[in-house]
Protein chains: 2
Amino acid sequence: MATIQDVAKLARLSRTTVSRVINHHPYVTDEKKRLVLKAMEELNYVPNSSARRLRKQQTETIAVYVPRITNPFFSQMVEVMGNHASEKGYQLILCQTSYSRNKEINYLELLKTKQVDGLILTSIENEWREIKPYLNYGPIVLCNEYNDDADIPTVYLNQVEGAYIGTRHLIEQGHTKIAYCSGDNSASRLAFDRFKGYKQALKEAGLEFNDKWILTNAFSIKDGKRIFRAIADMEDRPTAVFTGSDEVASGIWLEATNHYWSIPDDLAIIGFDDQPQAELIGLTTIEQPIDEIAKRAMGQMIETIENKLPIKKKEIQLNFQLIKRRST
Amino acid sequence: MATIQDVAKLARLSRTTVSRVINHHPYVTDEKKRLVLKAMEELNYVPNSSARRLRKQQTETIAVYVPRITNPFFSQMVEVMGNHASEKGYQLILCQTSYSRNKEINYLELLKTKQVDGLILTSIENEWREIKPYLNYGPIVLCNEYNDDADIPTVYLNQVEGAYIGTRHLIEQGHTKIAYCSGDNSASRLAFDRFKGYKQALKEAGLEFNDKWILTNAFSIKDGKRIFRAIADMEDRPTAVFTGSDEVASGIWLEATNHYWSIPDDLAIIGFDDQPQAELIGLTTIEQPIDEIAKRAMGQMIETIENKLPIKKKEIQLNFQLIKRRST
DNA sequence: TTGTATGCGTTATCAG
DNA sequence: CTGATAACGCATACAA
């Protein structure tokens, strides 16, 4: 591999001049510039990025954390972030935490070892105090997930409102027995707020809150199936169910349909995200403006890196929209 | 940030010894090792990966190319690759080509500039001769897509067979007018072979091949909807359609259902991949062993990097399975 | 406008 | 078993 030295030698110039040409610095004669370019061409030279990283203390790489990329909500987010980063000349490293506290912490080392310029977290598994120390090593931006204690740029949606809108919709359809199902993460403000929105809507309508109708640990289609069976087995069954993701809702819908339940008559279902499959099965759902939050978060990150901005709290809040379909 | 020098000073030892401890080299007294570890701990030291990359000429990073991460087929592949890479201590850089020749070429620079140790391609947009020169800069492995001219490790499925199985299944259900729809990429051996499998099955059954029933440029749910309308508008309609992806099949299914067509009576549909939504809508499909090819490809890549194996042709072929559901 | 010298933080070589 | 020194490839302060 040709180095900058080789180019310099061939062009009969100094490394410095070559470096100036590479980095588009001023004060280089057109004549010499031509010489350098020709030599680079001839040697098929390309700057070594490891050397450049070391020298500039910059990696032009950003890590994005997601629980798992196969969740359409997150893959959509990553698609947008990846394209946006690429446009701005940044690489994107994908970190899948698999809902594991350990894995999340392990990946945080990337920032510490200077493998990336910054981190975007779309979910948080650990308590904020576990994550906070890493701010000493570089910027962190929250996207989707949020946390009061985290004084960092945050692009998010008000999940109290999201859950409220959904639950409210079910109430307006005449339901009084509404189950709630979600993932389960004590460190997640997002999860906490959704639950709050649900309870708020119930309370406002003077409806009963029933512990038995709170179903947790639901992340996937498979979990949704399990939850349907749990509901079907109840003595006192709910007539509608609010879910924290379209995947779980799809699972419930599928198993219900397989058991010849009629949706929404036997059970109304509302999802969350408006993933592609929601349209397929006619699932009512709460749409989140994924493209927008992804873009804003990545923009925020790049701006922070490039202007070496100090990390401080800056909240950008966007809005939900209810997509009404056949499942309610 | 503490450097190896700082640690050495604090421990009253040389950088060399510290480095030995970090890299678990033999020939270090337990006594000194303890001293070094203590100093590292005290300074909260962590090796700088840029420096290490430069010195070792290794990045421990692998780039994975996909057309777009939101396609469940590819996100599934990336999920598995990411986890496998992580286990082995490698990072994964995500490159979305968006079906663009230009973007694919641009990303190839990653290998040239030594930002990654190797490349895994799950699709190819350019002709192989455009890509081949980059082999001078590092290993490339093919996963899913394949190419006769590419003398590199390849993990793939025999797509002639896949399409044949699917088309054959439709024929066995009594269909004689079978449409074919796919993406469109002249550089793709995969696409070519699928089409071949389709024609082979028709020919074997002595069925008519009708140009008008060949629909191209189909990648997404949206494209599927368009294709349904195209089929509905035909004078001489096919009674079944073979598609190259579950997404396209879902689009057709959705639009057909919206137009009150009965599936499979008015139109039988067969998909490809067995994506999660296939189960939801009861789509018959050809399952590809995604986890397996992803794991094998990543394994192959890491083995090549770590043993500095020369790049040569090595084909690993896996098999399909027909998943029969209600859509046929 | 150009060149010289230095350092970014490691690890490998070699001598002791 | 340990340490001094060079080298990885580049960009920048400073001198000319």
Side-chain angles (χ1 to χ4, degrees), chain A residues 1-37 39-40 43-61 109-117 137-138, chain B residues 1-37 39-40 43-61 89 109-117 137-138 308:
Chain A
M1 280 301 308
T3 73
I4 203 173
Q5 181 71 280
D6 301 329
V7 176
K9 199 186 294 175
L10 184 60
R12 296 171 185 282
L13 290 164
S14 73
R15 284 181 310 192
T16 312
T17 305
V18 176
S19 173
R20 286 204 181 93
V21 174
I22 294 169
N23 296 288
H24 307 100
H25 283 189
Y27 307 129
V28 183
T29 353
D30 283 354
E31 165 65 6
K32 312 243 167 189
K33 188 186 277 181
R34 209 180 43 72
L35 246 42
V36 170
L37 258 21
M40 282 172 50
L43 293 171
N44 199 7
Y45 168 81
V46 65
N48 177 308
S49 87
S50 299
R52 191 177 243 172
R53 281 172 179 233
L54 175 58
R55 182 60 233 239
K56 311 221 322 187
Q57 305 282 38
Q58 271 227 13
T59 65
E60 309 201 319
T61 304
E109 293 296 316
L110 286 176
L111 193 58
K112 212 170 172 183
T113 58
K114 298 269 179 281
Q115 304 210 40
V116 299
D117 291 337
Y137 306 106
Chain B
M1 280 300 308
T3 72
I4 202 171
Q5 182 71 279
D6 302 328
V7 177
K9 200 186 292 176
L10 184 61
R12 295 171 185 283
L13 289 165
S14 73
R15 285 181 311 194
T16 310
T17 304
V18 176
S19 174
R20 285 206 182 93
V21 173
I22 295 170
N23 296 286
H24 306 101
H25 284 188
Y27 308 130
V28 183
T29 353
D30 282 354
E31 164 65 6
K32 313 242 167 189
K33 187 186 278 182
R34 209 181 43 72
L35 247 41
V36 170
L37 258 21
M40 282 172 49
L43 294 171
N44 200 8
Y45 166 81
V46 65
N48 176 307
S49 87
S50 298
R52 192 176 244 173
R53 282 174 178 229
L54 175 59
R55 183 59 238 229
K56 313 220 323 186
Q57 307 281 39
Q58 270 227 11
T59 65
E60 308 201 320
T61 304
E109 293 296 315
L110 286 176
L111 193 58
K112 212 168 171 183
T113 58
K114 298 270 179 281
Q115 303 210 40
V116 299
D117 291 338
Y137 306 105
K308 301 195 195 315

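We name chains A, B, ... by the order of the sequence lines, and we start the count at 1 in each one. Hydrogens, waters and symmetry mates are skipped; everything else that's a heavy atom, side chains included, is used.
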Checklist outcome for this item: Rounded to whole Å, NE2 of B/His24 lies from C1' of C/dT11 at a distance of 15 Å
Next on the checklist: Quick check on the helix from C/dT1-D/dA16 to C/dG16-D/dC1: what's the angle between its two end axes, five base pairs per end, to the nearest 10°?
Outcome noted: 40°
Checklist entry - Touch check for B/Val7, heavy atoms < 4.0 angstrom, all strands: base, sugar-phosphate only, or nothing? => result nothing
Checklist entry - Does A/Arg53 get its side chain close enough to the base of C/dG9, under 3.5 Å, for a donor-acceptor pair? => result no
Checklist entry - Between B/Ser19 and C/dT10, does any side-chain N or O lie under 4.0 Å from OP1 or OP2? => result no
Next on the checklist: Between P on D/dG3 and NZ on B/Lys9, what's the gap in Å once rounded to a whole number?
Outcome noted: 16 Å
Next on the checklist: Distance check needed: C/dA12 C1' versus B/Arg52 CZ, whole Å only.
Outcome noted: 14 Å
Checklist outcome for this item: From CD of A/Gln58 across to P of D/dA11 the rounded distance in Å is 13 Å
Checklist entry - Can you find a pair of side-chain heavy atoms, one from A/Lys112 and one from B/Asn44, that are under 4.5 Å apart? => result yes
Checklist entry - Taking only residues two or more places apart in sequence or in another chain, which ones pass side-chain contact (heavy atoms from CB on, under 4.5 Å) with A/Lys33? => result A/Val21, A/Val28, A/Leu37
Item to check | base_contact_polar (D/dT2 base, B/Arg12 side chain, donor-acceptor, <3.5 Å) | outcome: no
Checklist entry - Got a donor-acceptor contact below 3.5 angstrom from the B/Asn23 side chain to the B/His25 backbone? => result no
Next on the checklist: Does C/dG3 have OP1 or OP2 under 4.0 Å away from a side-chain N or O of A/Tyr27?
Outcome noted: no
Checklist entry - For B/Pro47, which contact category applies under a 4.0 Å heavy-atom criterion: base, sugar-phosphate, or nothing? => result sugar-phosphate
Checklist entry - What is the distance, rounded to the nearest whole Å, between atom CG of A/Leu35 and atom P of C/dT2? => result 10 Å
Next on the checklist: Rounded to whole Å, please give me the gap between CD1 in A/Ile4 and P in C/dG7.
Outcome noted: 19 Å
Checklist entry - Which comes earlier along DNA chain D counting from the 5' end, the contact point of B/Gln57 or that of B/Ser14, where each point is its nearest nucleotide? => result B/Ser14
Checklist entry - Just checking, any donor-acceptor pair under 3.5 angstrom between side chains of A/Arg52 and B/Thr113? => result no
Next on the checklist: So, OP1 or OP2 of D/dC8: does either fall under 4.0 Å of a side-chain N or O from A/Asn48?
Outcome noted: no
Item to check | side-chain N/O A/Arg15 vs C/dT4 OP1/OP2, d < 4.0 Å | outcome: no
Next on the checklist: My understanding is that only residues two or more places apart in sequence, or in another chain, count here; which of them pass side-chain contact (heavy atoms from CB on, under 4.5 Å) with A/Thr3?
Outcome noted: A/Gln5, A/Asp6
Next on the checklist: Restricting to non-hydrogen atoms, name the atom on B/Met40 and the atom on B/Val7 that form the minimum distance, rounded to 0.1 Å.
Outcome noted: CG-CG1, 3.7 Å
Checklist entry - Can a side chain N or O of A/Ser50 be found less than 4.0 Å away from OP1 or OP2 on D/dC8? => result no
Checklist entry - Expressed in angstrom and rounded to an integer, what is the separation of A/Gln5 atom CD from D/dC8 atom C1'? => result 13 Å
Checklist entry - Roughly how many Å is it from CE in A/Met1 to P in D/dA7, rounded to a whole number? => result 20 Å
Checklist entry - Checking only heavy atoms, does the side chain of B/Arg55 share a donor-acceptor pair with the base of D/dA7 at less than 3.5 Å? => result yes
Checklist entry - Do A/Thr16 and C/dT4 share a donor-acceptor pair, side chain to base, under 3.5 Å? => result yes
Checklist entry - Only one of A/Lys56, A/Arg55, A/Arg53 clears side-chain contact (heavy atoms from CB on, under 4.5 Å) with B/Ser50; which? => result A/Arg53
Checklist entry - Do B/Gln58 and B/Asp117 touch side chain to side chain, with heavy atoms closer than 4.5 Å? => result yes
Checklist outcome for this item: Heavy-atom nearest nucleotide on DNA chain C taken for B/His25 and for B/Leu54; more 5' hit belongs to B/Leu54
